[in-house]
> 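Structure in structure tokens, see below.
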Amino acid sequence: MTTPQAPSQSPSTRLQEHLTPSQQIEELSDSEGFEDTMEPATTQPLPSFPKLQMFESPLRDELVTDSSEIETETLDDILPFLDGNPYNFELNSFGVPKLQRLEHIIFLHKALRTYPAQFAAMDAARPWLLYWSLQGLTCLNEDVSEYRERVTYTFSAAQHPMGGFGGGHGQLPHLAGSYAAVLSLIIVGGKEAYDMIDRKTMWHFLGNMKQADGGFTMAPGGEEDIRGAFCAMVIVALLNLPLELPPTSPARIKGDETFLTKLPEWISRCQTFEGGIGAAPTNEAHGAYAFCALGCLALLGSPEEMLNKHLDVPALLSWLASRQTQPEGGFQGRTNKLVDGCYSHWVGGCWAIVEAAVQGSKDGVGARLWRREGLARYILACCQGQKGGLRDKPGKYPDAYHTCYNLAGLSAAQHRYVYDYEKNSGTTAAPLSAAFNWTVADVVEEEGKIWDREDTVNIIHPVFVVPWGQAEAARKYFEGKAEF
Ligand code: FPP
Ligand code: K
Ligand code: ZN
């Protein structure tokens, strides 16, 4: 099994020969703020756009609705980017815009700086801003160790005395904030960052979110949905927390014993008649929740066992495959809605887990269930902002969220993740260690590569969505700790 590496010399390394990182940012981004020009420049045709892909989706019917109209308008915005090159980006050897690596790196460094006053409304999302930016940077092979101290300091102020993380000092803890905080700390890594997390109060906080029906609420008295289950179990697995519920847990009070009690059954109830997965039982299926559900199941056991036991896999496959849009190539989040670059990860990231469930073993012949080439083309041709950062679609501004998840999706397209039952077979079967069994391979030529080595982003962990090796390092560190 090969472990592909990103290009050895990152653009920033080249730049750093002359300037410090902050000087580079000033130098190259001048006064644009967070803006991107929406004006396409002159268009040069892309030589390699396959004509077959130009046909409209055969699934479209005659009925005109608000949804069909906006779909048509969206296609009008997107097609110029698929069969032309409105921003005059340099093209790779396949005739597709190159990954604008340096511009994206600069964009993400800027996203980690001070925000103007109107961003105060996003204060509760601060952990996310850190996570998206750090994850995006590492995906582009950028070293983020310069942020280690700041990240540790920021989250030490956002940690609630009763456990978990909020958006900042004095804010109530939340499972989404706690998830983004823990992932950010694991990305920067190191003893100080790890030790800053109060694992014992975190265990109490997570226990208080666990409900007697098997699911988790996002916050005390908050909504119960699949994000809660996924975020909680990611934290339990990474921090190696005890599976036993604390005595104050609502589930414990009703007689349940562990974080796992009735959890896969609760996830199973989120699968809908379409085959996809909703936020909670009875909700509409949506790609973002599908990733949370599959990720959560892949934490509890092997994908093969967990998905086949708790989901209707053929129905799931059919629904997931239907999310890839034609001719755009990217993914939509739900039936009859629009393609969006962030689903490059939320849906694109589901495939590794689903493929592992279908293939079973590491020797399984690569099942070709989706078009990697189509996704990579949508990301490179349509989602790269003119001045750095990635976006939902042409006509939208780039942001850290879409940059992170487009890059994660590009990684999903470029690498083949394989579940290896034998990877940790020498060690004891520690609780919640299933997600530490993944290995990775490069995507082979026949799968339709449309990227060069320079357009290749780093491998990320298919379940934890952090740089390869960082989840393993954290788990190893916390396995070396006493219970608390
Ligand atoms: C719909 O928005 C979007 C959702 C219903 C899901 C949002 C959830 C996430 C992005 C993932 C959360 C994951 C974790 C780990 C916390 P929309 O109606 O604007 O978009 P659409 O038209 O594409 O459905
Ligand atoms: K959307
Ligand atoms: Zn989006």
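Whatever order the structure lists them in is the order used to number ligands and atoms, beginning at 1. Because the structure is a prediction, the values reported are computed rather than measured. Reckoned from all heavy atoms, side chains included, excluding hydrogens, waters and symmetry mates.
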> Using heavy-atom distances only, which candidate in H286, R227, K337, M218 approaches atom 12 (C) of ligand 1 most closely?
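It is R227 whose heavy atom sits nearest to atom 12 (C) of ligand 1.
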
> To the nearest 10 degrees, could you say what angle the Zn ion (ligand 3) makes with SG of C342 and NE2 of H402?
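Between SG of C342 and NE2 of H402, at the Zn ion (ligand 3), the angle is about 120°.
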
> Could you tell me whether the side chains of T272 and E284 share a donor-acceptor contact shorter than 3.5 Å?
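Side chains of T272 and E284: no pair found under 3.5 Å.
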
> Using a 3.5 Å cut-off on N or O atoms only, is R334 in polar contact with ligand 1?
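Among all N and O atoms of R334, at least one is under 3.5 Å from an N or O of ligand 1.
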
> For C292, state whether at least one heavy atom is located under 4.0 Å from any atom of ligand 1.
yes

> Under 4.0 Å, heavy atoms only, figure out whether ligand 1 is touched by the backbone of C342, its side chain, both or neither.
neither

> Nearest heavy atom to atom 6 (C) of ligand 1 wins, so pick from Y289, Y131, Y401.
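Answer by nearest heavy atom: Y289.
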
> Is the Zn ion (ligand 3) less than 2.8 Å from at least one N/O/S atom of D340?
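Yes, D340 qualifies, because one of its backbone or side-chain N, O or S atoms lies under 2.8 Å.
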
> Please determine whether side-chain contact (heavy atoms from CB on, under 4.5 Å) holds for the pair L299 and V236, giving the CA-CA distance in whole Å, both sets of side-chain angles, and the decisive distance to 0.1 Å.
CA-CA 10 Å; L299 286 161; V236 172; over 6 Å; no

> N/O to N/O below 3.5 Å, does that happen between Y343 and ligand 1?
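Yes - when backbone and side-chain N and O of Y343 are compared with those of ligand 1, one distance drops under 3.5 Å.
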
> Ignoring hydrogens and geometry, is there a side-chain-to-backbone donor-acceptor pair from Q271 to G275 under 3.5 Å?
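At least one qualifying donor-acceptor pair exists.
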
> What atoms in ligand 1 come closer than 4.0 Å to a heavy atom of A288?
6 (C), 8 (C), 9 (C), 10 (C), 11 (C)

> How far does CD of E472 sit from CZ of F464, to the nearest 0.5 angstrom?
7.5 Å

> Can you tell which of T325, L75, D392, T74 makes a side chain to side chain contact (heavy atoms under 4.5 Å, CB included) with L338?
T74

> Heavy atoms only: which of Y179, F230, W128 lies closest to atom 16 (C) of ligand 1?
W128

> Can a side-chain donor-acceptor contact be found between Q171 and H160 if the only test is distance below 3.5 angstrom?
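Per modelled atom types, H160 and Q171 side chains form no pair under 3.5 Å.
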
> Quick one about H109 and E142 (side-chain donor to acceptor, distance below 3.5 Å, no hydrogens or angles considered), yes or no?
yes

